[in-house]
Amino acid sequence: CLPRRSSLTTRCGRNASSGCNSAPRRNAASSTPARRCAAATSKARVAALHAKALALGGKDEGAPGPRGAGFYAGYFRDLDGNKLNACFMG
């Protein structure tokens with residue numbers, strides 16, 4: 001997680017700090033790892049989270065950059081294979 005967990009929220013707006021240290025969640029319909037999205041407070045925070053994930057051994061799944069009108073994101077996989085996305089809307 002980012003150093004300031006208060007700035008990291010899930011896509012549905014709940015604080016993500018409770019999920020940062022938990023076991024990976026699995027999709028109930030399959031055995032594939034679940035996807036997670038973390039809403040960042042700026043493009044710089046997206047880049048910082050993406051860089052930190054790669055530094056800790058994550059796999060790059062898409063460098064931070066624009067992904068459509070007003071959507072900026074970077075994608076990576078954690079060590080358990082979960083696909084994660086840090087995004088900024090604005």
Side-chain angles (χ1 to χ4, degrees):
C1 283
L2 296 172
R4 278 184 41 215
R5 289 184 180 170
S6 62
S7 65
L8 181 66
T9 57
T10 62
R11 187 172 217 153
C12 58
R14 287 174 280 180
N15 190 308
S17 62
S18 62
C20 293
N21 297 318
S22 63
R25 297 176 191 222
R26 299 284 172 174
N27 205 340
S30 71
S31 63
T32 59
R35 284 187 172 177
R36 294 283 179 233
C37 175
T41 57
S42 69
K43 293 177 182 179
R45 300 285 290 175
V46 170
L49 177 58
H50 186 266
K52 184 68 169 184
L54 299 184
L56 293 173
K59 180 183 174 195
D60 185 14
E61 291 280 322
R67 304 277 195 258
F71 186 68
Y72 186 90
Y75 296 85
F76 54 92
R77 288 196 185 267
D78 67 14
L79 300 178
D80 294 317
N82 294 303
K83 188 166 186 176
L84 302 156
N85 161 334
C87 66
F88 174 71
M89 301 293 289

Calculate, to the nearest 0.5 Å, the distance between atoms [atom1] and [atom2] belonging to [X] and [Y] respectively.
X     : Y     : atom1 : atom2 : value
Asn85 : His50 : CG    : NE2   : 9.5 Å
Phe76 : Lys59 : CZ    : NZ    : 14.0 Å
Leu56 : Leu79 : CG    : CG    : 8.0 Å

Any side-chain to backbone donor/acceptor pair from Asp80 onto Asn82? Under 3.5 Å, distance only.
no
What heavy-atom pair brings Val46 and Cys87 nearest, and what distance separates the two atoms?
CG2-C, 3.6 Å
Going only through I, L, V, M, F, W and Y residues with side-chain contacts under 4.5 Å, is there a path from Leu49 to Leu84?
yes
Treat each ILVMFWY residue as a node, draw an edge where side-chain heavy atoms are under 4.5 Å apart, and state whether Tyr75 and Met89 are in one component.
yes
